[in-house]
Amino acid sequence: GIVPALEAIAAKMERENGVHIPDPRHQIIITPGGKWGLYLALTAVLNPGDEVLILEPNWVSYKPMVTLAGGIPVSVSLPSNDNFRITAAQLREKITPRTKALMVNTPCNPTGRVLTQAEHDDIVAVAMEADLYVISDEIYEKLIFDGRSHRSLAAAPGMAERTLTVNGLTKSYAMTGWRLGWLIGPAPIIKLATRMNSQTVSCAANFSMHACIAALNGPQDVIAEMRDAYQAR
């Protein structure tokens with residue numbers, strides 16, 4: 001990614017998410033869409049046969065991505081009669097010696113759920129005790145209704161070194177066709193993801209990276225207008 005775009009993403013993460021990124025050039029990779037960022041994260045951390053916990057209901061691509069990356073998707077079914085609530089007990093029940101990572105999507109597609117503080121704390125506690133990577137898909141972070149708050153898992157104490165955050169312009173800025181996303185994580189993991197990226201898609205489009213700078217550094221009032229229109233619908 002071009003340095004001004006990397007710096008714009010780092011500034012946004014510090015300003016809005018409480019995540020400090022001291023070395024944007026080695027802790028962020030700009031991708032052609034958030035979807036590719038998710039796949040890069042999986043290919044960087046998984047060895048053949050590693051298990052990845054996936055919270056159900058989930059976005060349709062999570063399980064195939066894990067399989068393509070050589071991993072084994074393990075479903076953690078969240079009960080609809082409890083509003084798809086996440087608990088530490090549910091996660092611990094599915095953990096084995098092969099468990100490497102947990103995929104979290106908040107706000108969630110398809111349920112619309114936003115992590116509560118209790119769920120956030122449970123995920124952090126389990127990730128720390130089981131030494132798991134957390135792949136945090138935050139692409140819907142600004143499309144939150146009814147005054148709820150988004151919490152980035154990487155901002156929790158002790159989580160920055162084990163959290164891979166994926167986000168982009170697709171949803172919050174209604175820029176789907178620009179195909180611009182990013183993956184943020186520890187420098188050694190991003191180094192591996194960068195190798196994969198350079199040997200497959202090469203890089204994100206240059207003009208999209210300049211659009212990223214304009215979107216993140218420019219006026220933000222349009223986001224609230226879009227969000228309110230979506231809630232009215």
Side-chain angles (χ1 to χ4, degrees), residues 5 8-19 28 30-39 41 54-65 76-86 103-120 123 134-155 163-184 204-205 207-233:
I9 294 166
K12 171 255 187 282
M13 291 299 296
E14 179 116 30
R15 180 176 66 245
E16 299 179 0
N17 303 85
V19 178
I28 304 172
I30 298 177
T31 60
K35 191 172 187 176
W36 188 247
L38 289 169
Y39 185 62
I54 296 178
L55 304 171
E56 288 186 332
N58 58 272
W59 182 47
V60 65
S61 293
Y62 284 175
K63 292 179 182 178
M65 283 181 177
V76 181
S77 295
L78 305 176
S80 59
N81 60 7
D82 194 24
N83 196 28
F84 308 107
R85 184 168 63 98
I86 303 165
M103 297 188 76
V104 178
N105 179 205
T106 182
C108 178
N109 174 6
T111 67
R113 276 292 307 276
V114 180
L115 283 184
T116 64
Q117 187 64 55
E119 291 173 310
H120 176 278
I123 289 170
V134 176
I135 299 172
S136 184
D137 180 352
E138 303 182 10
I139 195 74
Y140 291 95
E141 69 167 336
K142 297 189 178 179
L143 300 185
I144 297 182
F145 304 144
D146 303 325
R148 293 180 177 87
S149 298
H150 171 69
R151 299 170 179 85
S152 285
L153 287 159
T163 303
L164 303 174
T165 303
V166 176
N167 207 331
L169 304 179
T170 298
K171 314 299 181 184
S172 297
Y173 294 89
M175 294 170 65
T176 308
W178 291 78
R179 305 311 303 150
L180 200 291
W182 54 81
L183 169 64
I184 301 170
F207 65 86
S208 293
M209 289 191 276
H210 285 279
C212 174
I213 299 167
L216 296 182
N217 292 343
Q220 302 295 301
D221 52 333
V222 66
I223 298 172
E225 294 174 8
M226 289 191 295
R227 180 202 62 214
D228 293 345
Y230 299 152
Q231 180 155 18
R233 293 174 196 172

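These figures come from a predicted structure and were not determined experimentally.
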How many angstroms lie between atom [atom1] of [X] and atom [atom2] of [Y], to the nearest 0.5 angstrom?
{"X": "F207", "Y": "W178", "atom1": "CZ", "atom2": "CH2", "value": "6.5 Å"}
{"X": "E16", "Y": "S152", "atom1": "CD", "atom2": "OG", "value": "9.5 Å"}
{"X": "S208", "Y": "L180", "atom1": "OG", "atom2": "CG", "value": "5.5 Å"}
{"X": "C108", "Y": "F84", "atom1": "SG", "atom2": "CZ", "value": "8.5 Å"}
{"X": "M65", "Y": "I135", "atom1": "CE", "atom2": "CD1", "value": "10.0 Å"}
{"X": "Q220", "Y": "K12", "atom1": "CD", "atom2": "NZ", "value": "9.0 Å"}

Might you work through the side chain to side chain contact (heavy atoms under 4.5 Å, CB included) test for M209 and W182, ending with a clear yes or no? CA-CA 10 Å; M209 289 191 276; W182 54 81; over 6 Å; no

Show your working on side chain to side chain contact (heavy atoms under 4.5 Å, CB included) between L153 and H120 and close with a plain yes or no. CA-CA 7 Å; L153 287 159; H120 176 278; 3.6 Å; yes

Locate the shortest heavy-atom distance separating [X] from [Y]; write the atom from each residue and the value.
{"X": "D146", "Y": "Q231", "value": "OD1-NE2, 2.7 Å"}
{"X": "L216", "Y": "R15", "value": "O-NH2, 3.3 Å"}
{"X": "I30", "Y": "A5", "value": "CD1-CB, 3.5 Å"}
{"X": "P107", "Y": "I144", "value": "CG-CG1, 3.6 Å"}
{"X": "T165", "Y": "A154", "value": "OG1-CB, 3.8 Å"}
{"X": "S136", "Y": "T163", "value": "CB-CG2, 4.2 Å"}

Using the side chain to side chain contact (heavy atoms under 4.5 Å, CB included) rule, pick out the option among L55, L115, I139 that qualifies with T106. L115

Are [X] and [Y] close enough that some pair of their side-chain heavy atoms sits under 4.5 Å apart?
{"X": "E138", "Y": "V166", "answer": "no"}
{"X": "R179", "Y": "L169", "answer": "no"}
{"X": "L164", "Y": "L183", "answer": "yes"}

Would I9 and I184 count as a side chain to side chain contact (heavy atoms under 4.5 Å, CB included) if you check the C-alpha gap in whole Å, the side-chain angles of each, and the deciding distance to 0.1 Å? CA-CA 9 Å; I9 294 166; I184 301 170; 4.0 Å; yes

Among N105, N167, N109, which residue meets the side-chain hydrogen bond (donor to acceptor under 3.5 Å, both in side chains) test with Y140?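 For Y140, the side-chain hydrogen bond (donor to acceptor under 3.5 Å, both in side chains) test succeeds with only one of N105, N167, N109, which is N109.
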
Salt bridge (charged side-chain N to carboxylate O under 4.0 Å, His left out), paired with E119, selected from R151, R113, R85: R113

Given L78 and I86, is the side chain to side chain contact (heavy atoms under 4.5 Å, CB included) satisfied, shown in steps? CA-CA 7 Å; L78 305 176; I86 303 165; 3.8 Å; yes

Test side chain to side chain contact (heavy atoms under 4.5 Å, CB included) applied to N58 - qualifying residues, sequence neighbours left out: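 Only I54, E56, Y62, K63 meet the side chain to side chain contact (heavy atoms under 4.5 Å, CB included) criterion with N58.
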
Residues K171, E141: salt bridge by 4.0 Å N-O rule: no

